[in-house]
Amino acid sequence: MSNKKALITGITGQDGAYLAKLLLEKGYSVYGLHARRSTDTLWRLRELNVAQDVHFLEGDLTDLSSLVRSMEKSGAQEVYNLGAQSFVGTSWEQPIVTAQVTGIGALHVLEAVRIVNPKARFYQASTSEMFGLIHEAMQSETTPFYPRSPYGVAKLYAHWMTVNYRESFGLHASSGILFNHESPLRGIEFVTRKVSDAVARIKQGKQKELRLGNIDAKRDWGFAGDYVEAMWLMLQQDTADDYVIATGLTTTVRDMCTIAFAHVGLKHEDYVVIDPLFYRPAEVEVLLGNPAKAKAKLGWVAKTHLDTLITGMVDADMARVSKEGFLGSEPKFAEPLARP
């Protein structure tokens, strides 16, 4: 059992909840930065039955002083910055908030680490959205960045600040360039969960159609529960570095819809409506990650088939919709991912 202490920003999000569960299972004392909000923010942690085991600290990524206090109170040896305004679509409507929270917020966490405990190990949640207008068919750690949204630009700032603090101050600061990763804990605004929720509602007669934008966009989708293990592995290495975390497989939104609807005996063509309102101002057509470095240096590979992931999300939403409360449980994923 470990006696380590970890601080997680964004602990109430999908990744934060899965990471908290992983670290608690490893014997960590887990501290979570908790910004006061009017809505129920702890449901994901309760869903994984870990909310009662987390030490919550009030703070905000836009307030450096609260982050310094959180570092002091937690005594964290590992800091995972997962907090962000993370919905790409919203970033065009709220570009300044996105820059402050997603970009400058990461800098605030880095500063708090440097001020309080520069020996602490730091993880930055980078994103495949930084690649944007892709320069290579398969994106790796050396692929040039070309973000296509305010969110991607803000994340790129946070990414390069992490590199800068590693090189300038000697911080053990690593970035995980995570490609799309989903679960039943995903927010309803994200396309995978929007689809799984709609499938459940259509199947149960509570919704008639599903309105989507560019369903021919291709994404590299994995299971969030797999990806948080890669985060932890990065901070166990002797040397900090940056890693692409992905499955190495890409699928269209259309094909993902096919899987989800077929799971309940329906055809997506009968219910999906293309709505121009859901197109992005600057679309990212294809994302496909090359996880070779993570496999070679971390020993990490994705374990979850897309079919298993999507059907698990549909099953969780079927249960939730049937009782109008979130009753979906963490799906059991064991089958290794097939490689081309």
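For the single chain, residues carry numbers from 1 onward in sequence order.
In this structure, Ala246 and Ala302 approach most closely via the heavy-atom pair O-CB, 4.3 Å. In this structure, Val113 and Val79 approach most closely via the heavy-atom pair CG2-CG2, 4.0 Å. Across every non-hydrogen atom of Val195 and Cys257, the tightest pair is CG2-SG, 3.9 Å. Nearest heavy-atom pair across Leu23 and Ala6 is CD1-CB, 3.7 Å.
A donor and an acceptor atom, one from each side chain of Asp226 and Thr304, are located under 3.5 Å apart. In the model, Thr247 has a side-chain atom that pairs as donor or acceptor with a side-chain atom of Asp220 under 3.5 Å. With 3.5 Å as the limit, one finds no donor-acceptor pair spanning the side chains of Gln85 and Thr102. Using modelled atom types, one finds a donor on one side chain and an acceptor on the other under 3.5 Å when comparing Thr258 with His268. Side-chain contact of Gln14 with Ser183: a donor-acceptor pair under 3.5 Å is present, judged by distance alone. In summary, the side chains of Asn290 and Glu141 do not present any donor paired with an acceptor at a separation below 3.5 Å, with no hydrogens or angles considered.
A distance of 7.0 Å separates CD1 of Ile202 from OH of Tyr271, quoted to the nearest 0.5 Å. Separation of atoms CD (Glu129) and OG (Ser149) is listed at 5.5 Å; rounding is to 0.5 Å. Atoms CG and CG, from Leu306 and Asp255 in turn, are 9.0 Å apart once rounded to the nearest 0.5 Å. Taken to the nearest 0.5 Å, the OG atom of Ser29 stands 12.5 Å off from the CG atom of Leu7. Here the CH2-CD1 distance, from Trp221 to Ile259, works out to 8.5 Å after rounding to the nearest 0.5 Å. Note that the CZ atom of Arg211 and the NZ atom of Lys194 stand 9.0 Å from one another [nearest 0.5 Å].
Following chains of ILVMFWY side-chain contacts shorter than 4.5 Å, one can reach Val116 starting from Leu67, so the two form part of one hydrophobic cluster. By the rule that hydrophobic residues join a cluster once side-chain heavy atoms approach within less than 4.5 Å of another member, Leu82 and Leu24 end up as members of one cluster. There is a path of hydrophobic side-chain contacts, each under 4.5 Å, that joins Leu22 to Leu45. Criterion: ILVMFWY side-chain heavy atoms under 4.5 Å apart, direct or through other members. Under it, Val50 and Tyr31 are not part of a common hydrophobic cluster.
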> Should Glu229 and Lys303 be marked as a salt bridge (charged side-chain N to carboxylate O under 4.0 Å, His left out) after you check the CA-CA gap, both sets of side-chain angles, and the distance that decides it?
Replying inline: CA-CA 11 Å; Glu229 183 182 7; Lys303 300 181 178 70; 3.1 Å; yes
> Given the rule in the side-chain hydrogen bond (donor to acceptor under 3.5 Å, both in side chains) test, do Asp241 and Ser174 qualify, once you have shown the distances and angles that lead to the verdict?
Replying inline: CA-CA 5 Å; Asp241 207 344; Ser174 297; over 6 Å; no
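Annotation: side chain of His34 is not in contact with side chain of Leu57 (no heavy-atom distance under 4.5 Å). With contacts defined as side-chain heavy-atom distances shorter than 4.5 Å, the pair Glu285/Ile134 does not qualify. Residues Ile245 and Ile177 form no side-chain contact, since every pair of their non-hydrogen atoms from C-beta on lies 4.5 Å or further apart. The shortest distance between side-chain heavy atoms of Ile8 and Asn81 does not fall below 4.5 Å. You'll find the side chain of Phe56 stays beyond 4.5 Å of the side chain of Leu33, heavy atoms only. The shortest distance between side-chain heavy atoms of Leu61 and Thr9 falls below 4.5 Å. Between Gln52 and Arg46 there is no side-chain heavy-atom pair separated by less than 4.5 Å. Ile310 has its side chain out of reach of His263: every pair of non-hydrogen atoms, C-beta onward, lies at least 4.5 Å apart.
In this structure, Asp317 pairs ionically with Arg193, as a charged nitrogen and a carboxylate oxygen lie closer than 4.0 Å. Salt bridge annotation for Glu72-Arg69: absent, with no cationic side-chain nitrogen under 4.0 angstrom from a carboxylate oxygen.
With Tyr28 as the fixed residue, the side chain to side chain donor-acceptor pair (under 3.5 Å) test singles out one of Gln77, Glu78, Lys5: Glu78.
Considering only residues two or more places apart in sequence or on other chains, Tyr165 meets the ring pair (Phe, Tyr, Trp, His ring centres under 6.0 Å) condition with Phe169. Judged as a ring pair (Phe, Tyr, Trp, His ring centres under 6.0 Å), and not counting sequence neighbours, the contacts of Phe145 are Phe131, His159. Remark: His181 engages Tyr227 in a ring pair (Phe, Tyr, Trp, His ring centres under 6.0 Å) (not counting sequence neighbours). With sequence neighbours excluded, the residues that form a side-chain contact (heavy atoms from CB on, under 4.5 Å) with Ala158 are Ala106, Gln124.
Applying the 4.5 Å side-chain rule to ILVMFWY residues, one finds Leu288 in the same cluster as Met138.
Not a single donor-acceptor pair under 3.5 Å links the side chain of Thr98 to the backbone N or O of Pro150. Formation of a donor-acceptor pair under 3.5 Å by the Thr250 side chain with backbone atoms of Arg219 is found in this model. With hydrogens and angles ignored, the 3.5 Å screen pairs no side-chain donor or acceptor of Arg201 with any backbone N or O of Gln207.
Residue pairs that meet the salt bridge (Lys or Arg N to Asp or Glu O under 4.0 Å) test with at least one member in residues 164-173, sequence neighbours left out, are Arg166-Asp242.
Ring centroid separation for the pair Tyr18 and Phe223 comes in under the 6.0 Å cut-off.
Around NZ of Lys293, the count of heavy atoms belonging to other residues, nucleotides or ligands within 6.0 Å exceeds 12. Annotation for Ile96: atom CD1 does not count as buried by contact number, only 12 or fewer foreign heavy atoms lying within 6.0 Å. The local environment of CD in Glu269 is crowded, with over 12 non-hydrogen atoms from other residues, nucleotides or ligands closer than 6.0 Å. No more than 12 heavy atoms of other residues, nucleotides or ligands lie within 6.0 Å of NZ in Lys73, so this atom counts as exposed by the packing criterion.
Note that Lys295 lies outside the cation-pi zone of Trp300, set by a 6.0 Å cut-off to the ring centre and a 45° limit from the axis.
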